[in-house]
S.K.: 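Dumping the structure here so I can ask a few things about it.
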Amino acid sequence: MSLAVQIRQHGGPEELHLVDVAVGEPGPGEIRIRHHAIGLNFIDVYHRTGLYPLSMPATIGMEAAGVVEAVGEGVTHLQVGDRAAYASQPPGSYCEVRVMPAKCVCKLPDAISFETGAAMMLKGLTAQYLLKKTRPVEGLQPGDHVLFHAAAGGVGLIACQWAKALGLQLIATAGTDAKCQLALANGAAHAINYATEDFAARVKEITGGKGVKVVYDSVGKDTWDKSLDCLRPFGLMASFGNASGPVAPFAPGALGAKGSLYVTRQTLFTHIATRESTQAMADDLFAVVASGQVKIHIAQRYPLAEVQQAHRDLEARKTTGSTILTL
Ligand SMILES: NC(=O)c1ccc[n+]([C@@H]2O[C@H](COP(=O)([O-])OP(=O)(O)OC[C@H]3O[C@@H](n4cnc5c(N)ncnc54)[C@H](OP(=O)(O)O)[C@@H]3O)[C@@H](O)[C@H]2O)c1
């Protein structure tokens, strides 16, 4: 048996219930893992509210770290007793023990703690594919400006540091002056408080009127229109989230009028669809963390039983950096 956080219907944080569930043996291609720490992510909010619908009842959560307890047939990259961490479909990480597909689970280097592993896999692999694989047609060279919204959050603080390591001038946005300072302290070249400033005007100012080659936008509804105004011709609008709500349908003609822009909507789960791609991306993430160029900031810890409060704080924009649920 395992303690798990289940929802029986979509709704607010009050729908998150701690229950006992039975845990079986892993089948072919699966493992059983005992968690030591669990990562909290904004996608967990979309799963809870039903923006991304799930069949019920559902255990949510997409990220954790722990020890492999049992290995199913055909799994060769993990053994019983291995320390491991993952960002993975299907949801179900808000629990003590689970059976899950092995392909997205990676051995965790000894130098990385369980808490750090749980705080960095989903967010760090996202920063990896955004900065390394989601690039404008003209490419990115050291010194180029990129705009990154919600830069003091979980994905954001990793992206600030990684962009700096790549030589990029990351222009951060965040909702308070304190969050802007945090982004700057983590490698952002500039920071804009988008609650009080016109971020498109500030981006034009910072880039000498040119605009940026790429906008990484996880805020969605509230930032979409102005983000397009931040791009230079042939620039890339990389949408990867909807913290403020989903982006409204738009007319492609606007992209022509604003300078033959490109738009993409990315999701991590396409990038980690295979064992090989997951491991290659994880190795890149482990290396940048091991080098000290990217530090994982766990700014909030909640016992699993206080998961409702964790969701309230995440949605109320009270958190910075990564948040974990402890066991
Ligand atoms: N597509 C993918 O592959 C992928 C993977 C991982 C994450 N994501 C997305 O990336 C974003 C960041 O994820 P995260 O887990 O690291 O969360 P997070 O950034 O720690 O938290 C979300 C942040 O979004 C900002 N925000 C702006 N408007 C908001 C609103 N109306 N309500 C709540 N927050 C708002 C807040 O920062 P400010 O107060 O500074 O505005 C808030 O702290 C999320 O949108 C998530 O869905 C996408």
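Just so you know, ligand 1 is whichever comes first in the structure, and atom 1 is the first atom listed for that ligand.
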S.K.: Hey, is Arg265 touching ligand 1 through its side chain, its backbone, both or neither, going by heavy atoms under 4.0 Å?
M.R.: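 Only the side chain of Arg265 comes within reach of ligand 1.
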
S.K.: Less than 4.0 Å between a side-chain N and a carboxylate O, is that true for Glu25 and Arg32?
M.R.: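 A salt bridge links Arg32 with Glu25.
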
S.K.: Could you establish whether Tyr129 and ligand 1 come within less than 4.0 Å of each other, counting only heavy atoms on the residue side?
M.R.: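 The answer is yes, since Tyr129 has a heavy atom less than 4.0 Å from ligand 1.
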
S.K.: When you compare ligand 1 with Gly175, is there at least one nitrogen or oxygen pair between them that comes in under 3.5 angstrom?
M.R.: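 For ligand 1, there is an N or O atom that lies under 3.5 Å from one belonging to Gly175.
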
S.K.: Would you mind finding which of Glu315, Lys221, Gln266 brings a heavy atom closest to atom 33 (C) of ligand 1?
M.R.: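 Considering heavy atoms of Glu315, Lys221, Gln266, the nearest to atom 33 (C) of ligand 1 sits in Glu315.
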
S.K.: Closer than 4.0 Å to some heavy atom of Leu122 - which atoms of ligand 1 meet that?
M.R.: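 Counting from 1, the qualifying ligand atoms are 5 (C), 6 (C).
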
S.K.: Under 3.5 Å, is there a donor on one side chain and an acceptor on the other for Gln181 and Asp177?
M.R.: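 Side-chain D/A pair, Gln181 to Asp177: absent.
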
S.K.: Using distance alone, with no hydrogens and no angle criterion, decide if Asp222 and Tyr194 have a side-chain donor and acceptor under 3.5 Å apart.
M.R.: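 On atom types as modelled, these side chains do not qualify, holding no pair under 3.5 Å.
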
S.K.: Numbering the atoms of ligand 1 from 1, which are under 4.0 Å from a heavy atom of Ala174?
M.R.: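 Ligand 1 atoms under the 4.0 Å threshold to Ala174: 40 (O).
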
S.K.: Judged by non-hydrogen atoms, does Asn242 sit under 4.0 Å from ligand 1?
M.R.: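 Contact check Asn242 vs ligand 1: positive.
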
S.K.: Nearest to atom 41 (O) of ligand 1, what protein heavy atom do you find, and at what distance?
M.R.: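 Result: Tyr194 OH, 2.5 Å.
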
S.K.: Is there side-chain contact between Ser244 and Thr223, with at least one heavy-atom pair below 4.5 Å?
M.R.: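 Heavy-atom side-chain distance check fails, nothing below 4.5 Å.
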
S.K.: If you measure only the distance, is there a donor-acceptor pair under 3.5 Å linking the side chains of Thr264 and Gln266?
M.R.: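 Yes, a side-chain donor-acceptor pair sits under 3.5 Å.
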
S.K.: Of all the non-hydrogen atoms in the protein, which one sits nearest to atom 31 (N) of ligand 1, and at what distance?
M.R.: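 Here the closest protein heavy atom is Ser244 CA, 3.5 Å.
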
S.K.: Compare Phe269, Phe42, Tyr52 and give the one whose heavy atom is closest to atom 14 (P) of ligand 1.
M.R.: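 Considering heavy atoms of Phe269, Phe42, Tyr52, the nearest to atom 14 (P) of ligand 1 sits in Phe42.
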
S.K.: Write out the residue and atom name of the closest protein heavy atom to atom 7 (C) of ligand 1, then the distance separating them to 0.1 Å.
M.R.: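 The answer is Val155 CG2, 3.7 Å.
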
S.K.: Could you label the plane-to-plane angle of the Phe250 and Trp224 rings as parallel, tilted or perpendicular, counting under 30° as parallel and over 60° as perpendicular?
M.R.: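 Because their plane-to-plane angle lies in the 30° to 60° range, the rings of Phe250 and Trp224 count as tilted.
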
S.K.: Let's go through Thr116 and Ser113 carefully: what are the C-alpha distance in whole Å and the side-chain angles of both, what is the deciding distance for side-chain hydrogen bond (donor to acceptor under 3.5 Å, both in side chains) to 0.1 Å, and is it a yes or a no?
M.R.: CA-CA 5 Å; Thr116 299; Ser113 71; 3.0 Å; yes

S.K.: To check your reading of the model: name the closest protein heavy atom to atom 8 (N) of ligand 1, its residue, and the distance in Å.
M.R.: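 Protein heavy atom with the smallest distance to atom 8 (N) of ligand 1: Phe240 O, 3.6 Å.
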
S.K.: Give the single entry among Thr320, Leu51, Val219, Thr126 that approaches atom 6 (C) of ligand 1 most closely by any heavy atom.
M.R.: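 Of the listed residues, Thr126 has the closest heavy atom.
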
S.K.: Less than 4.5 Å apart, any side-chain heavy atom of Val307 and any of Arg48?
M.R.: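 No; the side chains remain at least 4.5 Å from each other.
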
S.K.: Could you tell me whether some N/O pair between Asp222 and ligand 1 is separated by less than 3.5 angstrom?
M.R.: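 Among all N and O atoms of Asp222, none is under 3.5 Å from an N or O of ligand 1.
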
S.K.: For residues Gln300 and Leu40, determine if any side-chain heavy atom of one lies less than 4.5 Å from a side-chain heavy atom of the other.
M.R.: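 In short, these two side chains do not touch, never coming nearer than 4.5 Å.
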
S.K.: Can you tell me the protein heavy atom closest to atom 42 (C) of ligand 1 and the distance?
M.R.: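 So the nearest neighbour among protein heavy atoms is Arg317 CG, 4.1 Å.
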
S.K.: What I want to know is whether Gly153 and ligand 1 share at least one N or O pair that is separated by under 3.5 angstrom.
M.R.: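 No; the residue has no nitrogen or oxygen that sits under 3.5 Å from a nitrogen or oxygen of the ligand.
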
S.K.: Within the structure, does Leu268 bring an N/O atom to less than 3.5 angstrom of an N/O atom in ligand 1?
M.R.: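 Yes; at least one N/O pair falls below 3.5 Å.
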
S.K.: Of all the non-hydrogen atoms in the protein, which one sits nearest to atom 39 (O) of ligand 1, and at what distance?
M.R.: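 For this ligand atom, the closest protein heavy atom is Lys179 NZ, 2.6 Å.
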
S.K.: If the cut-off is 4.0 Å to any non-hydrogen atom of Ala150, which atoms of ligand 1 fall inside it?
M.R.: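 Every atom of ligand 1 under 4.0 Å from some heavy atom of Ala150: 24 (O), 25 (C).
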
S.K.: Among all protein heavy atoms in this structure, tell me which lies nearest to atom 47 (O) of ligand 1, with the distance rounded to 0.1 Å.
M.R.: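 Of the protein heavy atoms, Tyr46 OH, 2.8 Å lies nearest.
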
S.K.: Give the residue and atom name of whichever protein heavy atom lies nearest to atom 30 (C) of ligand 1, and the separation in Å to one decimal.
M.R.: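 For this ligand atom, the closest protein heavy atom is Ala243 O, 3.4 Å.
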
S.K.: Measure from atom 10 (O) of ligand 1 to every heavy atom in Gly245, Ala151, Ser218 and give the option owning the shortest one.
M.R.: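 Answer by nearest heavy atom: Ser218.
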
S.K.: Nearest 0.5 Å, what's the CD1-CZ distance between Ile33 and Arg98?
M.R.: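 Here the rounded value is 9.0 Å.
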
S.K.: Taking 4.0 angstrom as the limit and counting only heavy atoms of Asn41, give me the atoms of ligand 1 inside it, by number and element.
M.R.: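 Those atoms are 15 (O).
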
S.K.: Are Thr274 and Ser277 close enough that a side-chain donor and a side-chain acceptor fall under 3.5 Å?
M.R.: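 Yes, side-chain donor-acceptor contact under 3.5 Å.
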
S.K.: Under 30°, 30 to 60°, or over 60°: which ring-plane class applies to His35 and Tyr86, parallel, tilted or perpendicular?
M.R.: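 Ring orientation, 0 to 90° scale: tilted.
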
S.K.: Assign the ring pair His145 / His190 to parallel, tilted or perpendicular, where the plane angle (0 to 90°) is split at 30° and 60°.
M.R.: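 Tilted, since the angle between the ring planes falls between 30° and 60°.
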
S.K.: Run Lys226 and Asp198 through salt bridge (charged side-chain N to carboxylate O under 4.0 Å, His left out) and show every step you take.
M.R.: CA-CA 9 Å; Lys226 275 197 178 173; Asp198 177 342; 3.3 Å; yes

